[in-house]
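Note that this is a predicted model, so its numbers are computed, not measured. Proteins get letters first, then strands, A, B, ... in listed order; numbering begins at 1 in each.
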Amino acid sequence: MTIILFIRAKITEIYQKYDFVVNTALKFVLMFFALKKTAGIIGYNSTLSGTGAVIAFALVAAFLPTSLMVFLAVMYIFLQLLTASVLIAVTVMLVFMILYLFFLRFTPKEGAIVVATPLFISIGMPYAIPLFLGVFGSVLSIVPAACGVVAYFMLKAVTNNIITIDQLKALKDQALTIYIDILDDLLNNPPMYVMMFVFAVVIIAVVLIRAIRMDYSFEISILVGTAVMILAFMIGSLIADTEIVVITMVLRCLICACAAFVAMYFWRTLDYAGAERVQFEDEHYYYYVTAVPKITPESPKRTIRKPKPAKDEPLSEDEEEAEAIEAMESMLSGNKRPYAKPLTPGLAKRLRRDVAPSRDDDDDEEDEVVIKGPRIYSDPRYDADLEDGTDIKGPRAAKDAKAVVLGAVRSRLNKIKSAIPGMKRKDPVEEESDEEGKTYFAEPEEEPDDFAEAEEPENRGEDDYE
Amino acid sequence: MIHSKKVRLMTQCAIYQKHEGADDLKVAKFFRADYIRLEVVKTILGVTFGYLIIIGMIIMYHLEFLIANALYLNYQLLGLKILGYYILILAAYIVFAVGRYSYLHMKSHKRLGRYYKMLGRIRKCSEEEEYARELEEENREEMQS
């Protein structure tokens with residue numbers, strides 16, 4: 001799930017950066033394939049059917065508003081048919097005009113649907129159209145979808161009646177007959193009506209269900225829409241007396257449903273994700289603002305882990321010292337956790353060595369104090385190093401370790417101070433013994449922020465080093 | 001100094017203007033009744049033109065029959081039928097257009113209300129800014145004097 005969210009966040013990020021480029025590219029791709037498919041169906045003009053001409057048309061369409069995409073597609077069809085027959089070209093143009101005047105003028109911004117519908121029908125995926133329109137559109141999307149269906153079947157009717165230009169030229173006197181045949185094919189076409197009806201039913205079902213205020217309404221609407229579509233196509237094929245391969249139809253419906261799921265998943269962030277670039281002015285400034293919407297899912301943070309040394313491999317002297325210093329600083333800074341990182345065997349050893357560094361040193365009386373380190377963890381690996389393993393576990397272990405380290409630091413400080421001439425030497429840290437004779441350093445009641453303040457508050461100001 | 005709240009409001013206004021605002025401001029030029037009337041007139045023209053195209057195509061479709069029976073046709077009945085269908089279709093479209101454009105006008109009116117509120121807040125911010133600037137200038141003059 002995290003990976004999917006991450007991918008979605010990445011796609012959103014890319015879309016935010018290049019929303020204009022992405023939208024233009026999508027329009028170009030849609031128009032290119034739609035025109036290429038149209039050229040495959042009614043490619044009477046070899047120049048216009050060429051890839052160069054199709055790319056040119058698609059490029060122009062990509063930079064135009066979606067409402068003008070239909071106009072451009074209709075012009076392309078008109079020019080193609082003009083090569084074959086003026087009457088048929090005009091007829092097709094008039095049919096498109098009727099569609100526009102009666103229906104499409106109420107949904108001018110959904111021109112892309114009219115272009116996409118014939119394309120999807122011709123590649124055998126008409127099932128995607130109602131599902132997508134139901135999820136992303138409104139009930140009014142039925143109108144452009146139905147117009148797209150009419151456009152597809154009209155082109156099909158034209159190709160059914162004109163096979164080649166030569167045939168058409170041979171039938172030049174019978175242009176009216178061809179016109180009548182085309183209209184007959186178009187109007188007496190039960191599959192067309194079935195498809196329009198199914199599209200309408202599915203779009204209404206999906207829109208109604210997704211509008212219900214309940215959890216997973218979008219997902220349920222897609223599932224119900226798919227089921228309704230399968231049933232409606234089966235009933236429609238019975239009524240219209242057309243043959244359909246049920247298994248293929250069901251499989252394609254399911255693929256389209258999966259595609260709708262994926263698209264819906266991305267659309268929920270992509271819909272408002274486009275960054276807005278606006279410019280305006282007031283009395284004092286010109287503003288060029290890029291407003292980027294926030295992304296909710298956070299991309300996982302990458303952490304770099306340094307390889308730890310093998311257990312058998314001993315730490316170097318510098319590493320041990322660095323770890324010990326870090327642990328001490330962590331405790332002295334009042335960190336609730338006794339150690340900044342887990343106590344490793346090397347670190348534990350180092351701490352104990354710091355605590356009792358000069359057992360053999362007989363010159364300094366105070367340093368002869370043998371501090372027996374408590375057993376921090378009850379791991380048998382550490383037992384071997386301990387002279388007198390004190391079985392202390394849990395928070396007490398941490399507390400004792402802290403006291404031990406504090407004592408070690410203080411004794412070292414005192415040693416340093418005594419070495420510096422003119423600096424007053426502090427009293428050694430008071431020791432106390434418990435009932436069993438184990439020796440510990442007394443822990444101050446409150447954690448001091450400053451050593452000098454905690455130990456000798458009356459000497460504050462007298463100490464030179466402060 | 002840039003007034004961050006004002007910039008935010010102005011950005012929101014600019015985004016609105018860029019999208020729905022353009023259409024809404026066109027709608028706002030008219031009173032509700034005038035807007036609906038205009039759209040209904042456009043619809044009537046569109047439907048009439050489309051209907052004429054359909055009639056023309058039907059005539060083309062039945063051209064042979066019409067030529068063959070030109071002398072025997074009941075033109076009065078035919079005309080009435082054509083007119084009847086036209087009125088029916090037109091009535092349906094007018095009802096649809098009235099409903100649709102009333103709804104669109106209401107929606108755009110709501111959005112514009114919010115937009116004008118934001119403009120009012122921007123004006124307030126500007127006034128505050130101006131007042132602060134004047135105060136600053138006065139203070140500076142006092143300091144200089």
Side-chain angles (χ1 to χ4, degrees), chain A residues 19-20 65 67 86-88 90-109 138-140 143 147 154 174-188 271-272 274-293, chain B residues 1-4 6-23 39 42-67 89-90 92-93 96-97 99-101 103-104 119 122-123 125-127 129-130 132-133:
Chain A
D19 59 338
F20 177 74
S67 51
V86 178
L87 181 65
I88 291 161
V90 171
T91 306
V92 171
M93 194 72 177
L94 287 176
V95 170
F96 275 115
M97 276 184 78
I98 291 167
L99 290 179
Y100 174 76
L101 290 168
F102 278 97
F103 307 108
L104 289 176
R105 63 181 294 268
F106 296 106
T107 55
K109 287 177 184 171
S138 62
V139 177
L140 269 182
V143 173
C147 290
M154 191 168 60
Q174 297 178 355
L176 197 63
T177 317
I178 294 170
Y179 165 79
I180 291 165
D181 289 344
I182 288 171
L183 282 187
D184 273 340
D185 264 13
L186 180 66
L187 298 173
N188 304 320
D271 185 30
Y272 300 105
E276 294 289 351
R277 289 174 193 87
V278 287
Q279 43 182 294
F280 46 87
E281 59 181 295
D282 63 2
E283 305 85 42
H284 306 289
Y285 295 99
Y286 287 100
Y287 298 89
Y288 296 90
V289 179
T290 303
V292 182
Chain B
M1 209 178 99
I2 292 173
H3 199 301
S4 62
K6 190 179 152 191
V7 170
R8 266 206 309 277
L9 286 168
M10 286 171 82
T11 307
Q12 282 174 8
C13 282
I15 290 169
Y16 168 74
Q17 275 182 355
K18 197 177 156 190
H19 296 289
E20 301 103 330
D23 294 335
E39 290 302 327
K42 279 186 194 170
T43 308
I44 290 170
L45 287 176
V47 169
T48 308
F49 191 53
Y51 193 73
L52 286 176
I53 292 172
I54 291 173
I55 295 293
M57 287 181 81
I58 291 171
I59 290 170
M60 280 283 286
Y61 188 81
H62 296 290
L63 196 62
E64 283 183 3
F65 172 81
L66 288 172
I67 290 167
I89 292 169
L90 202 61
Y93 267 90
F96 173 72
R100 177 175 163 76
Y101 292 111
Y103 176 75
L104 285 183
L119 286 184
I122 291 170
R123 199 179 300 118
C125 287
S126 296
E127 283 167 8
E129 209 178 357
E130 203 61 39
R133 191 171 284 130

(request) Measure distances from A:Tyr100 to the heavy atoms of chain B and classify the residue's part below 4.5 Å as side chain, backbone, both or neither. (result) neither
(message) Less than 4.5 Å to any heavy atom of chain B: does that hold for the side chain of A:Leu187, its backbone, both, or neither?
(response) neither
(message) Just so I understand: if I count every heavy-atom pair under 4.5 Å between each of A:Leu99, A:Val95, A:Leu183 and chain B, which residue has the most?
(response) A:Leu183
(message) I'd like to check A:Lys109 versus B:Asp23 (side-chain heavy atoms, cut-off strictly below 4.5 Å). Are they in contact?
(response) yes
(request) Applying ring pair (Phe, Tyr, Trp, His ring centres under 6.0 Å) between A:Phe102 and each of B:Phe49, B:Tyr93, B:Tyr51, report the one that passes. (result) B:Tyr93
(message) Given heavy-atom pairs under 4.5 angstrom as the criterion, report whether the side chain, backbone, both or neither of A:Ile182 touches chain B.
(response) neither
(request) Please answer whether the main-chain N or O of B:Met57 pairs with a side-chain N or O of A:Tyr179 as donor and acceptor at a distance below 3.5 Å. (result) yes
(message) If I measure from the heavy atoms of chain A, does B:Ile122 come under 4.5 Å with its side chain, its backbone, both, or neither?
(response) neither
(request) Sort B:His19 into side chain, backbone, both or neither according to what part of it lies under 4.5 angstrom from a heavy atom of chain A. (result) side chain
(message) Taking side chain as everything from C-beta outward and backbone as N, CA, C, O, which of these in B:Leu63 sits under 4.5 Å from a heavy atom of chain A? Side chain, backbone, both or neither.
(response) side chain
(request) Using atom types as modelled and distance alone, determine if a side-chain donor or acceptor of B:Tyr61 lies under 3.5 Å from a backbone N or O of A:Asp184. (result) no
(message) Given heavy-atom pairs under 4.5 angstrom as the criterion, report whether the side chain, backbone, both or neither of B:Arg8 touches chain A.
(response) neither
(message) What verdict does the side-chain contact (heavy atoms from CB on, under 4.5 Å) test give for A:Leu87 and B:Met60, after you've listed the backbone C-alpha separation in whole Å, the side-chain angles of each residue and the deciding distance to 0.1 Å?
(response) CA-CA 11 Å; A:Leu87 181 65; B:Met60 280 283 286; 3.7 Å; yes
